[in-house]
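Remarks on the structure that follows.
Because the structure is a prediction, the values reported are computed rather than measured.
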Amino acid sequence: MTYKINDELIEKIHDSSDLVDIVSRYVRLKKTGGNYVGLCPFHSEKTPSFTVSESKQLFHCFGCGEGGDLINFVMKIENLSFIDAVKFLADLQGIPLEENKIDYKLKLEKDILYAINKDAARFYYYNLNNNKRPLRYLQNRNIDKNIINKFGLGYAPDRWESVNNYLIEKGYKEVDIEKAGLIGRRKDNTGYYDRFRNRIIFPIIDFKGRVIGFGGRVLDNSMPKYLNSRDTLIFSKGNNLYGLNLIKKHSDDEKLILVEGYMDVISLYKNGINYAVASLGTAFTHNQAKLLKRYKREIYICYDSDRAGISATIKALNILGKEGIEPKIIVLPIGQDPDDFINENGLEEFNNLIDRALNHIDYKIFINKQKYNLNNTEDKIKFTKEISKILRDLKSPIEKEVYIDKVSRETGVSKEAIQKEVSGRDYKGNTSFYKDKYINGRNRYNKNKIMPIKTVLEPAHLTAEKTLIRLMIKNKEYYNVIRSYLGREDFLNYEHNILANIIFKEYETNSDLTELAPKLIIDKLGKEENLDYNLIYEIMDIDVDFLPDNKHKLIEDLIKRIEYSKLEMTRKEILKEIQEIESKKRKDEGDVEKFKSLCLELTKLDKKLKSHI
């Protein structure tokens, strides 16, 4: 059987593999500067002359001259042909091999999108260099011609069809320009409009130097401040990082800093920090964490110092932790982002912040200190309990003891008391029952209205709640429809219920939510405890535009799903009560009457359930 060995497969292999990891299976490597060195496996030597570049993903032996990329290495070390080496690596990385039926149509479609983006980037670049207003804006941000060229910055004119007309003149079809995400169809279907207008343009470039998407920033305070390319055949926000192409070319540093925005990357770069990358208009994802992991560098997080930035930092910490990465957190002064700080204070002060960066435990202690006043008894108790929950997850007994000692010194609470709180034991030595946050006393719902949550909610019900929450955030019209059927208490999941309360209150006190709704809502979460921010950010990341076109029909279906699920949960509770009565050896008159009542109620419920199918 022959298999499809094409550029797409080769790219997948390179994206999912790390040359240092592969070579380390055969050669003992040692880190030296930005590279790794070892004894060459292809000729006999006593002094290491075999070098592997992690940033360039290339190897070279200065003794025998062998060199190349990942596939070249496997071909040589395993004595395989090119095709067999590709198969070897694909199998190693779990990449399925398809039969040799090349999808020329898909390849052509992608090539067209790459070409459109390349010409659009040139168009935006030309417009920037021939327009005083955006140039003046960048000059005021201390961005000079060199940085403009390095990042390929551009400007989208304040016109409805500028890039569209330009690309049509270049011979491209509107249907393809729309697929590239550069234009959108007018609501009345009379034509198209440019998605990016009167914005500074940031081309998003992959490690092969291809323009895969764009980000756009307004020149004033209008909203939304940033607009990003939607996902296309060649671009996925959650699978790429801004600035990663320059890391590969220009940075041999052993550090890598994760920031939030395009301007943060650019400002750090022009001030001498050429190892910063940013997520692309979306919350940090597991795929982006995997990208960072490939670089085997010390990862730093440097997000804004506001509430939203802190929440995003916690989420990124959790995601990186699941990938086996223990990052450090650069703490900025309140009210500043990396762009502000380095422009105001310079490289030396920023490097001092890097030197003082906190590990994930110290950072969580730090942010909890901001929440609680340790001079107040009640706050001190809350702080100690909150930190104890964090320390409970530490696997190392030594690490636990060090932090217990630290918290004891800072709070004046005895180490013994904190140890018991961390280990989950009360003062009599009994193990406490730390219930799931979804069903503990603080979060338990009124049983007369709703059943316990999370553990009994079906995935379809959870998805329905998540989608309805996101639709309410997106559009007041959707909110009005949903509000006419559901109340706050109908959102059973803990996080969903809190979000619904915030959304309902905002719409009741304000005429509408703005494009800043996700950030505003996260700020409103305030001191809410035990929140699953992964779930919250998952909701914020739902792309409403990719949901079915008939949103009102979708809302109707989702509401029916919730109503059906609640009926099913009520039915289970009734059955449970019936079984409890049946299990009694002696039944009094009250039991008999209750049994009849429950059976009647069950019959009515079954009819309702049938009507919902």
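Scanning all heavy atoms of the two residues, the minimum distance from A276 to I247 falls at N-CD1, 3.7 Å. The two atoms that bring L19 and Q57 nearest to each other are N-OE1, 2.9 Å, heavy atoms only. Minimum heavy-atom separation, I200 to L219: CG1-CD2, 3.3 Å. Contact record, P338 with D264: CD-OD1, 3.5 Å, taken as the closest heavy-atom pair. Among all heavy-atom pairs drawn from A121 and V211, the shortest one is CB-CG2, 4.2 Å. Nearest heavy-atom pair across L347 and I342 is N-CG1, 4.3 Å.
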Evaluation steps, side chain to side chain contact (heavy atoms under 4.5 Å, CB included), between T32 and T51: CA-CA 9 Å; T32 304; T51 304; over 6 Å; no

Assess the residue pair E260 and D337 against the criterion (side chain to side chain contact (heavy atoms under 4.5 Å, CB included)); give the C-alpha distance rounded to whole Å, side-chain angles, the decisive distance to 0.1 Å, and a yes or no. CA-CA 9 Å; E260 288 186 279; D337 57 27; over 6 Å; no

Would L128 and L135 count as a side chain to side chain contact (heavy atoms under 4.5 Å, CB included) here? Give the steps. CA-CA 6 Å; L128 173 62; L135 278 174; 4.1 Å; yes

I would like to know whether Y137 and R217 meet side chain to side chain contact (heavy atoms under 4.5 Å, CB included); could you show each step before the answer? CA-CA 11 Å; Y137 169 85; R217 190 199 192 284; 2.9 Å; yes

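More than 12 heavy-atom neighbours from other residues, nucleotides or ligands sit within 6.0 angstrom of CG on D188. Around atom NZ of K328, no more than 12 heavy atoms belonging to other residues, nucleotides or ligands sit under 6.0 Å away. Remark: E174 CD is packed, more than 12 non-hydrogen atoms of other residues, nucleotides or ligands lying under 6.0 Å away. No more than 12 heavy atoms of other residues, nucleotides or ligands sit less than 6.0 Å from atom NZ of K118.
Not counting sequence neighbours, the partners of F59 by the ring-ring contact (aromatic ring centres under 6.0 Å, His included) test are F50, F73.
Between K237 and D231 there is a salt bridge, since a side-chain N of the basic residue sits under 4.0 Å from a carboxylate O of the acidic one. Under 4.0 Å is where a charged nitrogen must lie from a carboxylate oxygen, and between K551 and E477 no such pair does.
Residues F82 and M75 meet the side-chain proximity criterion, which asks for heavy atoms closer than 4.5 Å. In this structure, the side chains of K255 and I354 come closer than 4.5 Å at one or more pairs of heavy atoms. The shortest side-chain heavy-atom distance between I473 and I469 falls under the 4.5 Å cut-off. Side-chain atoms of N352 and N345, non-hydrogen and from C-beta on, never get closer than 4.5 Å to each other. A heavy-atom distance below 4.5 Å is not found between the side chains of I319 and T285. Side-chain atoms of I234 and N117, non-hydrogen and from C-beta on, do get closer than 4.5 Å to each other. By the 4.5 Å heavy-atom criterion applied to side chains, I116 and K179 are not counted as neighbours. Between F235 and L113 there is no side-chain heavy-atom pair separated by less than 4.5 Å.
Going from atom CD1 of I273 over to atom OH of Y300 covers 10.5 Å, rounded to the nearest 0.5 Å. The distance from the CG atom of L280 to the CD atom of Q288 is 6.5 Å, given to the nearest 0.5 Å. One finds the CD atom of E495 at 8.0 Å from the CD1 atom of I539 (value rounded to the nearest 0.5 Å). Considering CZ of R470 and CG of N475, their distance stands at 11.0 Å, rounded to 0.5 Å. For the atom pair CG (N351) and CD (E348), the distance works out to 8.0 Å, reported to the nearest 0.5 Å. With rounding to the nearest 0.5 angstrom, the OH atom of Y36 is 10.5 Å from the OG atom of S53.
A donor and an acceptor atom, one from each side chain of Y155 and N130, are nowhere located under 3.5 Å apart. For the residue pair K56 and N35, no side-chain donor N or O sits within less than 3.5 Å of a side-chain acceptor on the partner.
The stretch residues 132-146 participates, sequence neighbours left out, in these salt bridge (Lys or Arg N to Asp or Glu O under 4.0 Å) pairs: R141-D339. Residue pairs meeting the ring pair (Phe, Tyr, Trp, His ring centres under 6.0 Å) criterion with at least one member in residues 334-363: none, sequence neighbours excluded.
Of the possible donor and acceptor atoms, one in the side chain of R199 sits under 3.5 Å from a partner among the backbone N and O of K225. When atom types are taken as modelled, the side chain of D194 and the backbone of N164 share a donor-acceptor pair closer than 3.5 angstrom. Side chain of E298 to main chain of L256: no donor-acceptor pair is present (N/O by atom type, distance under 3.5 Å, no hydrogens or angles). At distances below 3.5 Å, at least one donor-acceptor pair connects side-chain atoms of Y507 with backbone N or O atoms of M472. The backbone N or O of G335 lies less than 3.5 Å from a partner atom in the side chain of S305, making a donor-acceptor pair. Judged by distance alone, the side chain of N149 and the main-chain N or O of N146 form no donor-acceptor pair under 3.5 Å. Put simply, the side chain of K293 gets close to the backbone of E323: a donor and an acceptor are under 3.5 Å apart. Between the N240 side chain and the S236 main chain, a donor and an acceptor come within less than 3.5 Å of each other.
Taking the six-membered ring for Trp and thresholds of 30 and 60 degrees, Y262 and Y226 have ring planes inclined between 30 and 60 degrees apart.
Across F151, F202, F123, Y124, a single residue satisfies ring-ring contact (aromatic ring centres under 6.0 Å, His included) together with F214, and that is Y124.
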